[in-house]
Each structure stands twice: as structure tokens, then as C-alpha cells.
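Predicted, not measured: the structure shown is a model, and the values here were computed from it. Heavy-atom basis, side chains included; hydrogens, waters and symmetry copies ignored.
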Amino acid sequence: MALTADRDTPRYGSEAVPDDLSLPMAANTTCYRGGVVALNRSGYAVPASADITLVVVGVGAQKVVNGSVAGDSSIKVERGAFGLANSSGDDLITSADVMRPCFLVDDQTVARTSAMGTRPIAGRVMRVEDGRVFVELGVSEDPSVRELLIEAGGDLSALINTFVKVNSSGQAVAASAAGESCRGVLMNAPASGAVAIVRTNGPARVLASASINPGVDVATTIAGLTKAAVAATVNTNDAGSTTDAVAGSFVMGWAMTAGTNGNLHSVFLHPMGAIPTTAA
């Protein structure tokens with residue numbers, strides 16, 4: 001309900017953006033002082049790593065060891081710009097990258113690239129000096145990523161990292177036909193009626209159904225896994241009717257890394273129509 005009178009609204013911290021947070025930790029987790037801390041899919045603090053499902057928050061203010069129950073311990077996380085270790089080779093960050101996003105290799109190292117969609121955004125490069133990269137942590141988002149929050153139209157808790165579609169009620173539901181038009185990849189594990197996070201564009205980790213080479217256009221299987229997209233053909237079995245059906249896959253994106261049966265691989269999502277048998 002909108003306000004009809006003045007309201008006392010509490011401020012969190014003394015600054016407009018708090019410079020430290022206290023975050024509950026994931027089970028069986030150790031975060032070190034000075035290490036980059038991130039949030040996992042369940043909202044618990046973990047050491048940052050090359051996992052694109054993580055959201056980078058800041059740097060741990062002390063070492064904390066949490067036991068077997070998530071949330072039993074919390075860690076104070078400082079926010080701001082911090083000096084981290086630089087990568088090497090093609091992933092070396094230079095002064096040319098200042099004010100650009102960089103990516104997490106581990107809880108102390110950043111890189112110039114996402115390694116074909118396998119690393120999360122660390123933050124924004126502020127300065128490069130003496131082999132260190134000063135990064136404003138947790139303030140940059142990959143501009144290519146788009147996600148929708150949609151009600152789950154069934155129990156989708158076992159379908160994380162698979163393609164989903166939207167039913168006539170506007171709910172996210174499982175893929176049910178090979179090559180059909182889906183809306184994106186499920187990024188969490190919602191129960192029926194809970195909120196599904198559906199990535200519609202950008203890099204995502206998806207379960208593969210077979211061997212898939214990088215660069216191949218991919219589509220969904222009946223189970224929501226990736227498969228090589230099938231180019232469109234016209235069914236002329238009815239002797240040339242003007243309503244000849246076009247058979248082929250709706251392309252959901254392209255493989256950034258190789259896929260193998262039952263394992264995750266990186267896909268750059270950009271749903272589009274069927275691909276032609278012969279390009280022209």
C-alpha cells in the first residue's frame with residue numbers, strides 16, 4: 001500500500017551505500033581475511049571462484065570457518081576497491097582496462113576475460129600498479145546478461161541448468177519437445193509457485209545431451225538439455241501444398257565450450273528462429 005502519511009525509514013549504515021556487510025555463510029565453508037567473498041545461489045557467503053552463478057560482494061574482514069549448518073556463522077565483508085592479483089598472458093589486465101569489468105579466477109585473482117563464460121564478474125578495474133589490480137568489487141554487471149523472475153508452473157527443483165519455456169499462464173515450465181522455442185535457462189531450483197530465475201540472454205551453464213563442439217548452434221532436447229540445432233527443411237510429402245510445414249530447431253544460442261553427455265558446458269544464449277539449410 002502506498003504511503004498516505006510521513007514514514008520513519010531506517011538507514012542501513014552511515015553511508016548511502018554501506019561499506020561493510022555481515023553475511024551468513026554456506027555450510028562447511030572457510031572464508032579467509034583478505035579473500036574475495038561471493039554469494040551462492042542460496043544467498044550464503046562462500047569464497048569467490050570461477051563459477052558464473054556467484055555474485056561477488058567484497059573482501060572478508062576476518063577468517064571465519066562455518067560448520068555443517070548453513071548460516072550458523074556470519075562473516076563481515078568489506079566493500080570498496082581492493083588490490084588483487086593479476087592474471088597472465090592474454091588474461092593479463094593492463095591500464096587499458098581501467099573502468100572496464102574484470103572477472104574472478106579465484107578468491108584473490110582477477111582476469112581480463114570470462115574464459116568463454118565460465119567466470120563471474122568481479123567488478124570494475126580502477127587502477128593497475130606493481131602487479132596488482134585495484135578492483136571496485138561487485139559493482140559491474142555483464143551487459144550481455146538478461147534474466148527474468150517468473151513464477152514456476154510446477155516443481156522445477158530438479159531442472160536447474162536446463163531450458164524452460166513459459167506456459168499460457170505466464171509461468172516457467174519444463175521444455176517438452178525437442179527443438180521447440182524456449183525462453184531461456186533455469187538458474188535456480190524453485191518449487192511450484194516459487195520464483196524461477198530464467199536467463200534469457202548472455203552466457204549460461206547448461207547440461208548437454210551429447211558431444212557438442214564450440215561454435216555450434218544449439219537447441220533444446222525434450223528434457224531441456226542442449227543438442228546441436230537441426231537446420232530447417234520443408235516437408236513436401238503432400239506434393240507441394242502452399243502450407244508445406246517447415247521442420248527444424250529453434251536456435252537457443254551457441255556453444256562457447258565443448259559439451260559432453262550429462263555435463264555442464266557454457267552456452268551464449270540468444271534465442272532466435274530456425275536456421276536455414278543453405279545460408280543465403
Practice problem: Using a 4.5 Å cut-off on heavy atoms from C-beta on, say whether the side chain of L84 contacts that of T109. | Solution: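 A side-chain contact under 4.5 Å is absent here.
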Exercise. Would you mind reporting whether V37 and V46 have side-chain heavy atoms less than 4.5 Å apart?
Key: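 Counting from C-beta outward, V46 and V37 never come under 4.5 Å.
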Quiz item: Can you name the nearest heavy-atom pair linking Y32 to K63, along with the distance?
Solution: CE2-CE, 3.8 Å
Self-check item: Closest non-hydrogen atom pair between S73 and V65, with its separation
Solution: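 Scanning both residues, the minimum pair turns out to be OG-O, 3.9 Å.
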Quiz prompt | Between T220 and K165: side-chain donor-acceptor atoms closer than 3.5 Å | solution = no
Quiz item: Have T53 and R205 got a donor and an acceptor in their side chains that come within less than 3.5 Å?
Solution: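 Per modelled atom types, T53 and R205 side chains form no pair under 3.5 Å.
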Measure from the side-chain N and O atoms of [X] to the backbone N and O of [Y], and report whether any donor-acceptor pair falls under 3.5 Å.
X: S249; Y: A229; result: no
X: D91; Y: T113; result: yes
X: S42; Y: Y44; result: no
X: T221; Y: A223; result: yes
X: R183; Y: T200; result: no
X: S209; Y: T226; result: yes
X: N66; Y: M25; result: yes
X: S87; Y: V110; result: yes
X: D97; Y: R100; result: no

Quiz prompt | Derivation of the side-chain hydrogen bond (donor to acceptor under 3.5 Å, both in side chains) call for D51 and S49 | solution = CA-CA 5 Å; D51 177 350; S49 64; 5.0 Å; no
